[in-house]
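Remarks on the structure that follows.
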Protein chains: 2
Amino acid sequence: MSLRHVLLCQLSTAPKSGYDLTVALDRSIRQFWHASHQQVYRELAKMTELGWVDFEVEQQPKKPDLKRYYVTQAGLEALSAWAGSEIPALKIKNEMLIRLLAMPQVGAAPVVASFEQELARVNALLSELSSMHSTYFKSVPPNGNPTQLAMYLSLQYGIEYWSMTARWLQQTIGLLSGPSH
Amino acid sequence: MSLRHVLLCQLSTAPKSGYDLTVALDRSIRQFWHASHQQVYRELAKMTELGWVDFEVEQQPKKPDLKRYYVTQAGLEALSAWAGSEIPALKIKNEMLIRLLAMPQVGAAPVVASFEQELARVNALLSELSSMHSTYFKSVPPNGNPTQLAMYLSLQYGIEYWSMTARWLQQTIGLLSGPSH
DNA sequence: TGACCCATGTAAGGGGTTACATGATTTG
DNA sequence: CAAATCATGTAACCCCTTACATGGGTCA
């Protein structure tokens, strides 16, 4: 899947270790693509097999050896081919919708309770994303800076996604708990 | 995960076979939770082990045996407990955002091309959902009909989700292809 | 005759999570 | 003294996808 391409992107700016990649992922795009260190090491091993990346071992005094990975020509070509290929259809899989399905059996009350909890979580996330937006992007970054543009548009997506979710939750809680009381 | 609970919901209205469940899923909530027949059979086997469902075998002349599953008391209790429990945090995992990350390496052109294709697909989906909405829901279903309400709110969610995506794609394509031309 | 419907599965592999393992160094 | 940081992994398990398997009945 796409984790492979996330790692290729990160590596193509500068060679990095699996540890570096894990930390960088967690610091920068955690909200938009999450991966554990186990996954990162597995993907690096697979991409090495595929010839997309290679590494040099650096011996460190009093520390474990460090494997510094870099992207090969084949890796760059794979990234290019992927970037223009058809985006695989994304299927909505949202547990909230399944809770709704359970209402005929379990009633609205527990569902509304879990939705209210979820709305609080979503609002917290939204304010986090909003503050990121206002600190990093006073204006739309120029087209000439693709890295900044990518971050700006991802943040934009996250804010719109969670705003939409919050609106839907509010409307739904209202419908489920309002009229019958 | 939630497939288990989807199946419990479907079974609690009337006993069904694995085949019935697969077909019903594909006909009704395909847009919101998809599962292959292999998954359905596996979940049924696991839920039988757990004691959440049980089945009766019906011999059919000139057809394979049919296993008619029904929900047990323990299954109903599991469904209730789940419906009010905390909703696990949903992480955004959207390949579009990773394409953006690749722009510094591969340029904007292939990314924009794949986004335009995606926008067409999203618009097609949206018009499908809109027509479902206008044929089934002339007005908001009453609170007393939870099955209808669940379908209404799911459709609502789908329409808002894909509208948001379409807007974002349009904005993004504009930003990536507009100013530099 | 070939395709689709009914009805059940097995098998292999990809992607992801959680837990476990090691071991020195730095920080509170 | 305990926790966090650096740095690598293994193992077991869950969920999901794709391909393969069987075999009669219906319909164009």
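The structure presented is a predicted model; accordingly, all values stated were derived computationally and were not measured. Throughout, a chain's letter reflects where its sequence line sits, starting with A, and its residues are numbered from 1.
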Atom of A/S114, atom of B/A83 and distance for their closest heavy-atom approach: OG-O, 3.6 Å
State whether B/S17 places a side-chain N or O below 4.0 Å from either non-bridging phosphate oxygen (OP1 or OP2) of C/dT8. yes
Let's test your reading of the model: under 3.5 Å, does the base of C/dG16 pair with the side chain of A/R42 as donor and acceptor? yes
Of the non-hydrogen atoms in B/Y41 and B/G18, which two are nearest, and what is the gap between them? CE2-CA, 3.7 Å
Measure across B/S154 and A/L100 and return the closest heavy-atom pair with its distance rounded to 0.1 Å. OG-CD1, 4.1 Å
Given atom OH of A/Y19 and atom C1' of C/dT25, what is their separation to the nearest angstrom? 12 Å
What does the inter-axis angle of the helix from C/dT1-D/dA28 to C/dG28-D/dC1 come out as, five pairs per end, nearest 10 degrees? 40°
Mind checking B/K91 for me? I need base, sugar-phosphate or nothing, with any heavy atom below 4.0 Å counting as a touch. nothing
Side-chain donor-acceptor contact under 3.5 Å, A/T13 with A/K16: yes
B/L44 has an atom CG; how far is it from atom P of C/dA7, in whole Å? 14 Å
Taking OP1 and OP2 of C/dA7, is either one under 4.0 Å from a side-chain nitrogen or oxygen of B/Q60? yes
Please examine the side chains of B/V71 and B/M47, heavy atoms only from C-beta on, and report whether any two atoms are closer than 4.5 Å. no
Tell me, do A/Y152 and B/L175 make a side-chain contact under 4.5 Å, heavy atoms counted? yes
Output yes when a side-chain donor or acceptor of A/T72 lies under 3.5 Å from a complementary backbone atom of A/W52, and no otherwise. yes
Using a heavy-atom cut-off of 4.0 Å to chain A, what are the terminal contacting nucleotides of DNA chain D, in 5' to 3' order? D/dT5 to D/dC16
Separation of C/dG14 atom C1' from B/K93 atom NZ, nearest Å, is 13 Å
Between A/Q38 and C/dT18, is there a contact of a side-chain N or O with OP1 or OP2 at under 4.0 Å? no
Closest-nucleotide mapping onto DNA chain D: is A/V23 or B/E43 further toward the 5' terminus? I mean the 5' end. A/V23
Looking for any heavy atom pair under 4.0 Å, which part of the strands does A/R4 touch: base, sugar-phosphate only, or nothing? sugar-phosphate
Taking atom P of C/dA11 as reference, at what distance in whole Å does atom CD of B/Q39 sit? 18 Å
May I have the distance from A/L7 (atom CG) to C/dG16 (atom P), rounded to whole angstrom? 11 Å
Could you report the tightest heavy-atom contact between A/T22 and A/S36, atom names first, then the distance? CG2-C, 4.5 Å
Any side-chain N or O of A/H37 below 4.0 angstrom from OP1/OP2 of C/dT17? no
Stepwise side chain to side chain contact (heavy atoms under 4.5 Å, CB included) test for B/W82 and B/H5: CA-CA 8 Å; B/W82 168 81; B/H5 303 102; 3.3 Å; yes
Taking every non-hydrogen atom, the tightest pair across A/G51 and A/A74: O-CB, 3.7 Å
Rounded to the nearest angstrom, tell me the gap between atom OH in B/Y41 and atom P in C/dT10. 11 Å
Does a side-chain N or O from A/K46 land closer than 4.0 Å to OP1 or OP2 of C/dG15, or not? yes
Gap between atoms CG and P, on B/L25 and C/dA7 respectively (whole Å): 17 Å
